[in-house]
Asks: 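Following this message is one structure expressed as structure tokens.
Everything numeric in this text was worked out from a predicted model, so none of it was measured.
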Amino acid sequence: VHSLQFMEFAEVENHDDFYTTEGAYIHTQDQRGVYVMYDVALQDLKDLEKELLLVATQYIETERGLVTCCSELLLAMEMPLSAPLWGKLLDSYFEAYHHALDSEERFALAQVITDIMYKRPRFDFRLGYFVDIYKDECICIRRHLQLIKDVLNKQIDNQRKYNHKIWRDDPKDGISEYGFPPYIIAKQLIAVNNSPPALKNIYLLEFHPSLGLVSLIPKALDHILQEFQQIRRPKTASDVINLEKRVLQLALDEWMAMESPESFYGAQTQKDLFVDVLVEDPSLVREIATSALKSVTEGEQKQGKEKHVFVVNVFSRLLELLTLRHRLIEAAVESARLGILYKEFAAEMGFDEFHLYLRPVYFEFATHKEKADQPPPIFITSLLEDDSGVDRYIPSSLMLSIQDIDNQIGKFSFHTRESILQLLLHSGIENLQIALACQVTQKNTLLVAVQQAAFCHMMHPTQTVDMKASYAKNKWCDSLQDEVNKVKREVIAEYCHKVTNRMSQYSLRSQIIAYYNSIKVLLEDLPSIRDKYFILGLPQEKKEGKEELENDPRSFHPRPRCLLSADGRSFLNLWFIPYPSETLFMFKMLPEKIGYKALRLTLQIVAAFHDIISYIFSFAQLGSAPSCFDYFCLEHLTADWGGTEQIGMELQELQKMIDNLHNPSDPNEVAQMLSLHREVIFLQFDAAVRHSMRKTLLSSGKVSAYQSVTDSIYHGLPPLSNSIVRSAFSSQFPIPQPLDPYGHRLCLCGLNDEDRRVAHGELVGMQFEMEDVLRNNYEVLDDHREWRTSLEKARI
């Protein structure tokens, strides 16, 4: 049963239950107003009592004299995280839930609400006083609440303004109003959830479905916190809470200081592109479409099917025009925000602000250049010594990317009816398509530059990659004849295509560096594994001559200090982790297509290798139940699930698999083998948890363990799959998410030591069964190959 469909069952008796607050107490009442208590609430109370006893016992054993500390602990735990703040935060999301119409958005909001309901203070037993850490938790809740309330209230105000704009003449119940949002009757304010409400009071039958996207804010905050945790590596719960407090304050400051999107650009660009007086009013847009039809059909007589096709084409072009404007605004705003980050990184590396504004040469001033096909310089620093060859222009405000390339193609306006009709009936759409292509190309270029600067933050300034070098003036057309705009569009499209191809190499390098950085973070928790099986590259490392690969899976260090050979055609050493600067130089001198292919192969190998070792490391930690109370105890690996010895055996087995390939020096074969091995180990874990483990737990009478695994599957298994889900980075376009190295550990997080041993046995058994299947398939293939060979000999 999905979402709220269970409420339709006749057996459900609490359709109309609600809750009320009285001071610090929350009461649940049925439809007749009788106070009720659910059985699950009683069970939660028992679990909380058990938790309180354990925590208080720990404090008493640690500091027997601090009776006050334990009493304050008991008082604090009675209400999770300060009931008023906790309740207001819960109500804020719950009121947004009432507005959400999409089933997935409602489900995501229900998950956020459930997480808040079960949120409890974190403990740091190294501190002798509990109140301080509890106050920090309350500060986190308060900042989270302030952020959510401000965002939701502002969105409600914006939606009301839009509703008032399109219904300014009151509804007339005509067909022309089809598709409009419901009319808001601004007479009686009500409280959706409680009195007083957590958000603004709304009117009866007032709905704002866009509030359903608020579930993305906790996801974004969690992602930011995880990124900072990877950087700061907090060791205790108090360190994590302090970090979370600073992250929430940072998010709140950014929200409060956020500028309007159009403020980054000049007054003329704001007037031509961002002004929404006409183009975002449905009634006025409909009138513009009608005017366009009349102006075109005045001198032409179209009848029947031909007329219908013409009308559809006009409305299709209008729809595309509005879509292009929306996408162009999005790309322009993203480019502006990325530009701010770019200038910050450039300043840290010793470059002036002009580094962001390097421009191509206009058509009218472009001249023929000898040897235009030569590759550009590797780094921008090779150009900075000669000031005459570098454009040091700094504009007073940003311009669109197309305006940096050509003034004619970049002339368009959505400010008046006549300018919109001009775009609709002539070549305006084609010009906007080119403008969007240029803006997206600039945005992607800035994104790649910021990524590389962020991933290589410890590099020397002279190793900064040239992401904005002028590349446009190499192949401009010499002759502009009658169809000058058409020729310009074709050339600009080719320019965008070539720049995109060039930037894709930098993007591949950024992803490779990011994967290697993640591998280094994983190895920091297991230094013995890192020192024994891996080779870390050094800055400005000099490579020796061509080295031969020794076929010895027990020896790692004598291998070449390269993943692939210099030409990208030979696989050398999987266990070498290069320094970021080496990745920036990787395959730089090869022809563009060959270098791109080598970088793609490198990324495929490194990505699969990263996921495999992430799984191996986290699998070894599944059986570790540290006796300490540290927040992170990743170094405490017990031998129950193999420990570091099992990790070493898995890594050696991985090298054996590479050595047993038909051609172990072929990077294509290695990439394919690693990708298949990654899929196999994920499939093993999925099958074991989903089927054999649950069956064994249930057959042995461990019902609670079975239920725990069943409830945790939803959270633990999707990160291992390619299932498409919405995220903070793709709210409207679900895509497969990157691997969470420790996400599948959630499947077993509710098991005790005895149940974890059962789970371990099933996981190992599934691994043996998979090996038997593969071995039998290999034997069948060998028999089939021998039979084919003997049959061919008999025919001869």
Side-chain angles (χ1 to χ4, degrees), residues 369-383 441 444-445 448-449 451-453 455-456 459 462-472 474-475 494-516 535 537-549 559-609 658 663-672 674-675:
K369 182 179 179 181
E370 298 293 339
K371 300 180 179 181
D373 293 333
Q374 296 295 324
I378 296 180
F379 295 111
I380 188 64
T381 49
S382 60
L383 297 176
T441 301
N444 293 339
T445 303
V448 173
Q451 281 182 338
Q452 280 204 3
F455 296 149
C456 306
M459 294 176 52
T462 58
Q463 295 173 335
T464 307
V465 180
D466 174 18
M467 288 295 173
K468 297 287 288 182
S470 180
Y471 177 68
N474 292 343
K475 290 189 174 182
E494 181 183 0
Y495 157 66
C496 292
H497 180 70
K498 288 182 177 293
V499 172
T500 300
N501 289 340
R502 181 62 55 83
M503 291 304 107
S504 63
Q505 292 196 22
Y506 294 106
S507 178
L508 290 173
R509 290 189 176 92
S510 299
Q511 296 176 66
I512 293 170
I513 294 173
Y515 272 116
Y516 273 130
I535 308 173
L538 303 174
Q540 300 180 354
E541 181 176 346
K542 294 183 179 180
K543 301 297 179 182
E544 299 178 358
K546 187 175 181 180
E547 301 172 279
E548 297 295 334
L549 178 63
R559 295 177 177 273
R561 299 178 68 87
C562 291
L563 178 69
L564 301 183
S565 59
D567 57 4
R569 297 179 180 179
S570 300
F571 173 79
L572 297 179
N573 186 3
L574 182 64
W575 314 98
F576 177 72
I577 302 178
Y579 197 75
S581 59
E582 182 176 340
T583 305
L584 295 182
F585 283 104
M586 191 180 293
F587 312 121
K588 194 74 175 183
M589 304 310 296
L590 294 179
E592 187 171 343
K593 291 184 178 180
I594 298 177
Y596 177 79
K597 181 180 179 181
L599 287 171
R600 277 187 63 89
L601 282 173
T602 301
L603 180 60
Q604 291 174 6
I605 293 173
V606 175
F609 181 56
I658 296 175
N663 183 8
S665 62
D666 184 0
N668 289 285
E669 289 191 25
V670 175
Q672 184 179 8
L674 291 175
S675 299

Asks: If you compare all heavy atoms of Ser675 against all heavy atoms of Ala608, which two are closest, and at what distance to 0.1 Å?
Replies: N-CB, 3.9 Å

Asks: Minimum heavy-atom separation for Ile605 to Pro667, with atom names?
Replies: CD1-O, 3.9 Å

Asks: Looking at side-chain heavy atoms only, is the closest gap between Leu564 and Ser570 below 4.5 Å?
Replies: no

Asks: Closer than 3.5 angstrom, by distance alone: can the side chain of Glu669 be matched with the main-chain N or O of Asn663 as a donor-acceptor pair?
Replies: yes

Asks: Passes side-chain contact (heavy atoms from CB on, under 4.5 Å), Met503 versus Tyr506? Steps please.
Replies: CA-CA 5 Å; Met503 291 304 107; Tyr506 294 106; 3.7 Å; yes

Asks: Determine the minimum heavy-atom distance between Ile513 and Pro580, stating which atoms define it.
Replies: CD1-O, 4.0 Å

Asks: About how many Å separate SG of Cys562 and CG of Asn573, when rounded to the nearest 0.5 Å?
Replies: 8.5 Å

Asks: Nearest 0.5 angstrom please: Arg561 CZ to Trp575 CH2, how far?
Replies: 16.0 Å

Asks: Looking at every heavy atom in both Ser581 and Pro539, which two are closest together, and how far apart are they?
Replies: OG-CA, 4.4 Å

Asks: Do you know the tightest heavy-atom contact between Phe587 and Ser565?
Replies: CE2-O, 3.3 Å

Asks: Of all heavy-atom pairs between Arg509 and Met586, which one has the smallest distance, and what is that distance?
Replies: NH2-O, 2.7 Å

Asks: Start with the C-alpha distance between Leu538 and Tyr579, add both sets of side-chain angles, then the distance that settles side-chain contact (heavy atoms from CB on, under 4.5 Å), and finish with yes or no.
Replies: CA-CA 6 Å; Leu538 303 174; Tyr579 197 75; 6.0 Å; no

Asks: Find the distance between CG (Leu601) and CZ (Arg569) and round it off to the nearest 0.5 Å.
Replies: 12.0 Å

Asks: State whether the side chain of Gln505 and the backbone N or O of Glu592 hold a donor-acceptor pair below 3.5 Å, judged by distance alone.
Replies: yes

Asks: Would you say the side chain of Thr500 lies within less than 4.5 Å of the side chain of Asn444, judging by non-hydrogen atoms?
Replies: no

Asks: How long is the gap from CD on Glu582 to CZ on Phe576, to the nearest 0.5 Å?
Replies: 4.5 Å

Asks: Is there side-chain contact between Thr583 and Thr602, with heavy atoms separated by less than 4.5 Å?
Replies: no

Asks: State, with a plain yes or no, whether a side-chain heavy atom of Phe571 is found less than 4.5 Å away from one of Leu563.
Replies: yes

Asks: About how many Å separate CG of Leu590 and CG of Leu599, when rounded to the nearest 0.5 Å?
Replies: 8.5 Å

Asks: Please report the C-alpha distance between Tyr516 and Phe609 in whole Å, then the side-chain angles of each, then the deciding distance to 0.1 Å, and finally whether the side-chain contact (heavy atoms from CB on, under 4.5 Å) criterion is met.
Replies: CA-CA 10 Å; Tyr516 273 130; Phe609 181 56; 5.7 Å; no

Asks: So how far is it from Leu574 CG to Ile535 CD1, rounded to the nearest 0.5 Å?
Replies: 10.5 Å

Asks: List the steps and the verdict of side-chain contact (heavy atoms from CB on, under 4.5 Å) for Leu603 and Tyr515.
Replies: CA-CA 9 Å; Leu603 180 60; Tyr515 272 116; 3.8 Å; yes

Asks: Would a distance-only check, ignoring hydrogens and angles, find a side-chain to backbone donor-acceptor pair under 3.5 Å from Ser507 to Ser504?
Replies: no

